[in-house]
Amino acid sequence: MEAMSKSKKNNNNECCFNDIRKFLVERFLYDNDTESLNILLNIYEIEDKVENINPAYISLKHLKKDILKFLKDKEGKELISYNLSDLIYSDINRFEFFLYLEGYKAGVNSLKSANRLEILTFKYMSLEELYIRKKLFNYEIKNNEILNLKQSIINDLRKDNKVRSYIYDAVFKFNIKFLKRKIFKLNDYLDKQIVLNLDLKDDDENQEKFKEVNSYLTKKELLGLNMKILKFLYRDAMRVFENAFWNGVNDKVMKRYK
């Protein structure tokens with residue numbers, strides 16, 4: 001599909017440029033190198049006209065909820081959820097930022113989607129009104145026809161095997177090269193909890209008032225937790241890519257009249 005393709009010159013310079021971009025992406029994603037990010041953003045701006053970067057990051061509450069659901073029968077699940085969320089949250093934010101860039105770039109380069117939106121825009125808006133607007137239909141869409149168009153474009157993305165494979169591969173690689181190792185070291189960040197012994201009876205002097213809770217996870221539990229987060233991350237990556245794509249399409253139309 002057009003979303004994941006762009007006509008390029010097939011030469012050595014192009015291959016070299018792609019290698020540089022790949023190197024910068026990996027330095028940003030896996031080494032948290034901010035200088036690589038700054039260079040990468042300049043490349044996106046020059047090559048792909050990516051200027052308005054406004055990713056909507058995941059809610060920590062939603063990530064914690066998924067973790068708690070998986071650990072529903074585990075003692076100390078609140079501590080595990082808190083520590084894991086805190087451990088990987090900034091890493092997932094970096095991954096989302098990268099996916100937003102890719103989705104936005106794909107939207108800017110989708111001439112078919114931009115043409116569809118442009119035609120519909122002039123059905124409800126004059127050229128003068130379009131010229132003075134800072135945003136088009138990026139957020140808070142009240143027009144049903146525009147909403148239907150957005151849903152149609154997103155549905156096309158969800159059906160596109162190239163898009164789905166690209167996002168799946170990106171999530172899988174991010175997990176293998178980075179995320180999985182952090183999750184499997186989670187026990188290093190867990191301290192034993194001291195909780196009130198609710199089973200203590202008033203006349204039982206042999207039991208302790210407080211007891212220790214072992215929050216450590218087995219290898220099987222860590223594997224299951226990793227799979228749960230992978231599924232969450234894939235859904236979230238699709239959402240980020242779709243929103244970014246729509247923003248890119250909107251900004252492509254706006255740039256035609258600026």
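These numbers were taken from a predicted model, which means no experiment stands behind them.
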Could you tell me which residues satisfy side-chain hydrogen bond (donor to acceptor under 3.5 Å, both in side chains) with [X], sequence neighbours excluded, listed by chain and number?
X      : answer
Gln151 : Asn155
Lys185 : none
Lys180 : none

Would you confirm whether [X], through its side chain, and [Y], through its main-chain N or O, come within 3.5 Å as a donor-acceptor pair?
X      : Y      : result
Trp246 : Ile153 : no
Ser81  : Lys77  : no
Lys74  : Tyr216 : yes
Ser152 : Asn148 : no
Asn175 : Val171 : no
Asn32  : Phe28  : no
Lys182 : Leu87  : yes

Subject >> Leu136: side chain to side chain contact (heavy atoms under 4.5 Å, CB included) partners, not counting sequence neighbours >> reply: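 Scan of Leu136 (side chain to side chain contact (heavy atoms under 4.5 Å, CB included), adjacent residues dropped) gives Leu117, Thr121, Met125, Leu130, Arg133, Asn138, Asn250, Val253, Met254.
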**OP:** Using the test side chain to side chain contact (heavy atoms under 4.5 Å, CB included), find all partners of Met227 that sit at least two apart in sequence or belong to another chain.
**Re:**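 Met227: side chain to side chain contact (heavy atoms under 4.5 Å, CB included) contacts with Leu230.
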Can [Y] be reached from [X] by stepping across I, L, V, M, F, W or Y side chains whose heavy atoms are under 4.5 Å apart?
X      : Y     : value
Phe97  : Phe23 : yes
Leu223 : Leu68 : no
Tyr82  : Ile88 : no
Ile39  : Leu37 : yes
Phe232 : Phe95 : yes

**OP:** With rounding to the nearest 0.5 Å, note down the distance linking CG in Asp86 to NZ in Lys64.
**Re:**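 The NZ atom of Lys64 is 8.0 Å from CG of Asp86, to the nearest 0.5 Å.
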**OP:** Any chance you could measure Asn226, atom CG, to Ile183, atom CD1, to the nearest 0.5 Å?
**Re:**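 So the gap between those two atoms works out to 4.0 Å.
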Residues that [X] engages under salt bridge (charged side-chain N to carboxylate O under 4.0 Å, His left out), provided they are two or more places apart:
X      : result
Arg256 : Glu118
Glu145 : Lys123
Asp33  : Arg27
Lys228 : none

Tell me whether [X] is salt-bridged to [Y], with the criterion being a basic N under 4.0 Å from an acidic carboxylate O.
X      : Y      : value
Arg235 : Asp66  : yes
Glu26  : Lys177 : yes
Asp236 : Lys231 : no
Arg239 : Glu242 : no

Original post:
How are the rings of Tyr100 and Tyr104 set relative to one another: parallel (under 30°), tilted (30 to 60°) or perpendicular (over 60°)?
Top reply: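 Parallel: the ring planes of Tyr100 and Tyr104 meet at under 30°.
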With side chains defined as the heavy atoms from C-beta onward, is the minimum distance between [X] and [Y] less than 4.5 Å?
X      : Y      : result
Tyr234 : Arg164 : yes
Leu179 : Leu233 : yes
Tyr30  : Lys173 : yes

Original post:
Just wondering, are more than 12 heavy atoms of other shown residues or ligands nearer than 6.0 Å to OH in Tyr131?
Top reply: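 Atom OH in Tyr131 is not crowded, with 12 or fewer foreign heavy atoms closer than 6.0 Å.
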**OP:** Grab the two heavy atoms, one from Ile67 and one from Ser85, that are nearest each other, plus how far apart they are.
**Re:**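 Looking at all heavy atoms of both residues, the shortest contact is CD1-OG, 3.7 Å.
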Original post:
Is the ring centre of Tyr257 less than 6.0 Å from the ring centre of Phe122?
Top reply: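 Yes, they do, as the ring centres are separated by less than 6.0 Å.
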For [X], all residues meeting ring pair (Phe, Tyr, Trp, His ring centres under 6.0 Å), sequence neighbours excluded:
X      : answer
Tyr124 : none
Phe184 : none
Phe178 : Phe174

